[in-house]
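Before any comments, here is the structure.
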Amino acid sequence: MEISKVTKSVKAFGTEAADAHLKSLTIQRRNAAAYDIEIEILYCGVCHSDLHTARNEWHGSVYPVVPGHEIVGRVTRVGDRVTKFKAGDLAAVGCMVDSCRECEHCKEGLEQYCIPGFTGTYNDPDKHLGTRTYGGYSESIVVDEHFVLRVPGNLDLAATAPLLCAGITTYSPLKHWNVGPGKRVGVVGIGGLGHMAIKLAKAMGAHVVAFTTSESKFEEAKRLGADETVLSKDPEQMKKYAGSLHFIIDAVSAQHDMNAYLRLLKVDGTIALVGAPEHSLPVHAFSVIPGRKSLAGSMIGGIAETQEMLDFCAEHNIVSDIELITMDQINEAYERMLKGDVRYRFVIDIASLKNATGA
Ligand code: NAP
Ligand code: ZN
Ligand code: ZN
């Protein structure tokens, strides 16, 4: 791909080191080429992956890091070959901005499993500029139309942003493992991803059991749609659910005991890990051998499936429960996220970036 020479300076928020706070930065965005869409960003959700990357917890961060992959905005310009969007339309961008488009997975709409690797919305090599990709904590972004999603008109815009990662990351495994009526589904870790998993699994018709370490979320999980809630640090409560679930989605961001959850599966049951803690999670052989249990993983979702998820949410009137913050509140929001103190997703009002300094 040709390296683009024409760029525009854009204000962003990011970090220059793993132990530094996020602050105001200037980045370059390419001019919209033939298939590109330029989007003025209105809202950007705050995913725990943003924090893992900003602090180099997955050991691949190249600084500066400008996080943000739950982006909703308005199209300001389109390239002359673009057919899906026009200036003025609402548009959204999730975790991917490119992939090879030729491998078997790209061809079947599984761009997230692209064999040479997809281009992440942030902290990946930028094929156009030769730098890194920078995410949605910024005024605008330029993305190929294939990776831009249509935003349903009936949903609150700020609360739609988290669907672009938290929504699709939970929707995709719920669909893949055929969650629906007659299925008993566990959701572990009621944060950004977990609270979306509860809403989506319920809308798909499953019986949903929420597992939380936070007593304060015990009743709230029912409001989100859980049929039952379990305080996972109480062994007596956990014992009652042994062998009772067909499927579990595990959205915990930190160390926890997987064996305790494998015990809760029925024969042939599956746990899909979507949470990505910094360190390995030990699993005993005898947690999976009796009962022919599976421990699986799942990564975000393909572009067509992301659109399907947005349309499903529009039909079922599902959005994220959010706390709208200003750009200057991002460092405090990260600290609160680490304490599990978020109901249930921070979303940045990008209009506030204009005057933000991070000081
Ligand atoms: P989040 O909002 O911070 O939620 C994580 C939840 O995990 C917390 O609310 C808490 O739930 C639970 N938790 C936190 N620390 C814990 C501990 N020490 N022990 C037990 N439970 C704990 O994070 P998120 O944005 O939903 O992301 C969750 C994870 O998914 C992150 O690791 C993120 O990087 C990963 N992720 C993966 C993908 C993918 O494609 N697979 C996509 C996006 C994000 P309770 O208070 O209910 O216990
Ligand atoms: Zn994410
Ligand atoms: Zn590919």
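In listed order, ligands and their atoms are each counted from 1.
Centroid-to-centroid, the aromatic rings of Y122 and H69 come within less than 6.0 Å.
In this structure, atom 19 (N) of ligand 1 lies nearest to the protein heavy atom Q255 O, 3.7 Å. Protein heavy atom at the shortest distance from atom 4 (O) of ligand 1 is G191 CA, 3.3 Å. If you check which protein heavy atom lies closest to atom 37 (C) of ligand 1, you get V274 O, 2.8 Å. Of all protein heavy atoms, the one closest to atom 39 (C) of ligand 1 is T169 CG2, 3.4 Å. Looking only at protein heavy atoms, the nearest one to atom 3 (O) of ligand 1 is H48 ND1, 2.6 Å. Scanning the protein heavy atoms around atom 29 (C) of ligand 1, the nearest turns out to be G275 CA, 3.5 Å. Given atom 25 (O) of ligand 1, the protein heavy atom at minimum distance is R345 NH1, 2.6 Å. Of the protein's non-hydrogen atoms, H52 NE2, 3.5 Å is the one closest to atom 31 (C) of ligand 1.
Put simply, the residue from V82, V93, V143, T76 that forms a side-chain contact (heavy atoms from CB on, under 4.5 Å) with I37 is V82.
The contact set between ligand 1 and A254, taken as ligand atoms under 4.0 Å from a residue heavy atom, comprises 15 (N), 16 (C), 17 (C), 18 (N). Ligand 1 places these atoms under 4.0 Å from at least one heavy atom of C165: 42 (C), 43 (C). Residue M337 approaches ligand 1 through these ligand atoms, each under 4.0 Å from one of its heavy atoms: 3 (O). Proximity to W58 (heavy-atom distance under 4.0 Å) selects the following atoms of ligand 1: 34 (O). For ligand 1, the atoms lying closer than 4.0 Å to a non-hydrogen atom of T213 are 20 (C), 21 (N), 45 (P), 46 (O), 47 (O), 48 (O). Listed by atom number, the atoms of ligand 1 under 4.0 Å from T212 heavy atoms are 45 (P), 46 (O), 47 (O), 48 (O). Less than 4.0 angstrom separates some heavy atom of A251 from each of these atoms of ligand 1: 5 (C), 7 (O), 28 (C), 29 (C). Atoms of ligand 1 found under 4.0 Å from any heavy atom of K217, numbered from 1 in the order shown, are 9 (O), 11 (O), 45 (P), 46 (O), 47 (O).
Counting heavy atoms from C-beta on, the side chains of R55 and Y334 come closer than 4.5 Å. When side chains are defined from C-beta on, Y43 does not count as touching I322, because their heavy atoms never get closer than 4.5 Å. Considering only heavy atoms from C-beta on, V274 comes within 4.5 Å of I249 through its side chain. Using a 4.5 Å heavy-atom cutoff, the side chains of H176 and S298 are not in contact. You'll find the side chain of S61 reaches within 4.5 Å of the side chain of N123, heavy atoms only.
The name of the N, O or S atom in H69 nearest to the Zn ion (ligand 2) is NE2.
At a cut-off of 2.8 Å, H48 is not counted among the residues with an N, O or S atom near the Zn ion (ligand 2). Among the backbone and side-chain atoms of C47, an N/O/S atom is found under 2.8 Å from the Zn ion (ligand 2). Note on H105: not counted as a metal contact of the Zn ion (ligand 3), no N/O/S atom lying under 2.8 Å.
Between the choices G194, S253, A210, the shortest heavy-atom distance to atom 14 (C) of ligand 1 belongs to S253.
Looking at D36 and R77, no side-chain N of the basic residue comes within less than 4.0 Å of a carboxylate O on the acidic one, giving no salt bridge. Ionic pairing of R81 and E145 is not present here: no N-O contact between side-chain nitrogen and carboxylate oxygen is shorter than 4.0 angstrom. K23 has a carboxylate O that lies under 4.0 Å from a charged side-chain N of E16, or vice versa, which qualifies the two as a salt bridge. Taking 4.0 Å as the cut-off between side-chain N and carboxylate O, R345 and E70 count as a salt-bridged pair. A salt bridge is absent between D126 and R132: the closest approach of a Lys/Arg side-chain nitrogen to an acidic carboxylate oxygen does not fall below 4.0 angstrom. The pair D321-R223 meets the salt-bridge criterion, since a charged nitrogen lies less than 4.0 angstrom from a carboxylate oxygen. Salt bridge E38/R29: absent, no basic N to carboxylate O contact under 4.0 Å. Comment: E104 does not engage K107 in a salt bridge, judged by the lack of any side-chain N to carboxylate O separation of less than 4.0 angstrom. Ion pair E308/K175 flagged as a salt bridge, since at least one NZ, NE, NH1 or NH2 atom sits closer than 4.0 Å to an Asp/Glu carboxylate oxygen.
Rounding to 10°, one obtains 100° for the angle at the Zn ion (ligand 3) between SG (C100) and SG (C114). Note: angle at the Zn ion (ligand 3), from SG of C106 to SG of C103, is 110° (rounded to 10 degrees).
Counting heavy atoms under 4.0 Å from ligand 1, residue S49 touches it through both backbone and side chain. The part of S298 lying near ligand 1 is the backbone, judged by heavy-atom distances below 4.0 Å. Contacts between M299 and ligand 1, counted as non-hydrogen atom pairs separated by less than 4.0 Å, involve both the backbone and the side chain.
Considering backbone and side-chain N/O atoms, I190 comes within less than 3.5 Å of an N/O atom of ligand 1. Inclusion of L193 in the set of residues having an N or O under 3.5 Å from an N or O of ligand 1 is warranted. Any N or O atom pair closer than 3.5 Å counts here, and G192 shares at least one such pair with ligand 1. For ligand 1, one of its N or O atoms has an N or O atom of I300 under 3.5 Å away. In terms of polar-atom proximity, V252 is not counted as a contact of ligand 1, lacking any N or O under 3.5 Å from an N or O of the ligand.
Residue H195 places no heavy atom under 4.0 Å from ligand 1.
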Chi angles and distances behind the side chain to side chain donor-acceptor pair (under 3.5 Å) call for H195, E220: CA-CA 10 Å; H195 95 290; E220 281 177 42; over 6 Å; no
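V142 and L42 fall into different hydrophobic clusters, where Ile, Leu, Val, Met, Phe, Trp and Tyr residues are linked whenever their side-chain heavy atoms come under 4.5 Å apart, directly or through other members.
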